[in-house]
Amino acid sequence: MSIYELKPRFQALLRPLVGRLHAAGVTANQVTLAACAVSVALGLWLFFAAPSLAAFGLIPAWMFVRMAFNAIDGMLAREHGQQSRLGAFLNELTDVLSDAALYLPFALVAPFDPFWVGATIVLAGLSEFAGALGPTVGASRRYDGPLGKSDRAFVFGALGLYVALGGPLPGWTAWLMPLVALLVAWTVVNRVRRALAEAERQPGAEAPRPTTSGTP
């Protein structure tokens with residue numbers, strides 16, 4: 001079970017707003033880029049400015065709003081004829097960039113080890129890469145868990161809220177980030193394994209030929 005599975009209900013709540021945005025001339029790509037810009041600005045500000053811990057409360061607030069942005073851009077694209085090749089690239093690339101920026105400030109929070117925060121950032125990017133590669137082997141874009149994008153947003157949002165409320169993290173929470181990294185690594189494996197299984201179920205499925213490398 002993943003939070004991603006609740007997405008259809010969330011989209012239903014947003015559909016009237018999406019209709020008004022479309023009527024106002026707002027495009028899916030504009031929403032995608034706006035969400036990325038705010039995510040990167042917030043993450044870098046928290047990391048480099050090192051404000052009071054109360055500022056970490058902005059992370060859960062923005063995570064929720066960003067989830068709405070992500071749903072809105074997808075609905076504008078699918079339901080209002082705004083799908084494009086550029087939009088497909090932006091959707092994948094901006095998600096990875098936004099996640100990296102929003103997770104980065106937790107490297108400053110004790111007792112988290114910056115190494116494990118960095119490992120989580122790298123693995124989160126790999127998990128989205130693994131999901132996006134599904135269509136290249138004849139499968140769908142994979143969103144399998146246990147710690148997909150929406151689930152990670154919940155985890156880091158909850159951590160941000162706890163930090164903002166001023167509660168010092170006990171020493172044992174140093175193990176939380178390695179655990180998150182492990183669950184994201186498991187997500188990568190699940191997405192690859194299930195994409196391959198889905199591709200093999202397709203009638204007449206053939207493995208793609210490996211590409212050759214080297215200079216011509």
Side-chain angles (χ1 to χ4, degrees), residues 1-43 58-103 124-158 184 187-188 190-192 194-199 201-203 205:
M1 176 67 177
S2 170
I3 292 175
Y4 181 81
E5 296 175 26
L6 301 176
K7 189 174 181 179
R9 297 181 184 179
F10 191 48
Q11 289 176 329
L13 294 174
L14 292 171
R15 191 158 280 111
L17 173 61
V18 172
R20 290 195 292 270
L21 290 173
H22 173 65
V26 176
T27 69
N29 289 351
Q30 288 171 346
V31 175
T32 302
L33 290 172
C36 182
V38 175
S39 298
V40 171
L42 175 58
L58 294 171
I59 291 181
W62 172 244
M63 288 288 196
F64 181 79
V65 176
R66 181 189 167 209
M67 190 182 304
F69 271 59
N70 287 342
I72 288 169
D73 69 4
M75 295 168 71
L76 282 170
R78 290 189 304 273
E79 299 177 9
H80 295 279
Q82 296 184 12
Q83 289 179 314
S84 67
R85 294 184 178 90
L86 175 60
F89 277 102
L90 291 177
N91 191 54
E92 297 293 348
L93 295 175
T94 58
D95 273 347
V96 172
L97 181 59
S98 297
D99 283 348
L102 291 170
Y103 302 165
L126 286 176
S127 72
E128 297 311 308
F129 186 40
L133 282 175
T136 68
V137 297
S140 60
R141 203 294 186 191
R142 302 303 307 181
Y143 295 97
D144 309 282
L147 215 63
K149 179 177 65 177
S150 300
D151 307 292
R152 295 193 304 270
F154 177 81
V155 169
F156 280 92
V184 180
T187 299
V188 175
N190 270 348
R191 291 183 176 185
V192 172
R194 293 179 184 178
L196 292 174
E198 179 186 352
R201 290 195 299 268
Q202 302 300 323

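Bear in mind that the values here come from a model prediction, so they are computed numbers and not experimental data.
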Next on the checklist: One pair to check against side chain to side chain contact (heavy atoms under 4.5 Å, CB included): D151 and V155. What are the steps and the verdict?
Outcome noted: CA-CA 6 Å; D151 307 292; V155 169; 5.7 Å; no
Non-neighbouring partners of [X] that pass side chain to side chain contact (heavy atoms under 4.5 Å, CB included), sequence neighbours left out:
X: L58; result: L42, W45
X: A68; result: F10, L14
X: R194; result: R142, D144, N190
X: L97; result: C36, V40

Checklist entry - Between atom OG1 of T187 and atom CG of L126, what is the distance when rounded to the nearest 0.5 Å? => result 11.5 Å
For a quick test of reading the model, state the closest non-hydrogen atom pair linking [X] to [Y] and the distance between them.
X: V31; Y: F69; value: CG1-O, 3.4 Å
X: T32; Y: L90; value: CG2-O, 3.8 Å
X: N29; Y: G87; value: OD1-CA, 3.2 Å
X: A35; Y: S98; value: O-OG, 4.3 Å
X: V96; Y: G125; value: CG1-CA, 4.0 Å
X: S127; Y: A124; value: OG-O, 2.7 Å

Answer whether the closest heavy-atom distance between the side chains of [X] and [Y] falls below 4.5 Å.
X: E79; Y: R15; result: yes
X: M63; Y: L102; result: yes
X: H80; Y: L21; result: no

Next on the checklist: If the threshold is 4.0 Å, N to carboxylate O, is there a salt bridge linking D95 and K149?
Outcome noted: yes
Checklist entry - Under a 4.0 Å N-O cut-off, is there an ion pair linking D73 with R78? => result no
Item to check | Partner set under ring pair (Phe, Tyr, Trp, His ring centres under 6.0 Å) for F156, not counting sequence neighbours | outcome: Y103, F106
Checklist entry - Counting N and O atoms only, with roles assigned by atom type, does the side chain of Q30 sit under 3.5 Å from a partner on the main chain of T27, one being a donor and the other an acceptor? => result yes
Next on the checklist: With side chain to side chain contact (heavy atoms under 4.5 Å, CB included) as the criterion, how do Q82 and H22 come out once you've worked through the C-alpha distance, each side chain's angles and the decisive distance to 0.1 Å?
Outcome noted: CA-CA 10 Å; Q82 296 184 12; H22 173 65; 3.4 Å; yes
Item to check | salt bridge (Lys or Arg N to Asp or Glu O under 4.0 Å) contacts in which one or both residues fall within residues 126-141, not counting sequence neighbours | outcome: E92-R141, E128-R141, E128-R152, E128-R191
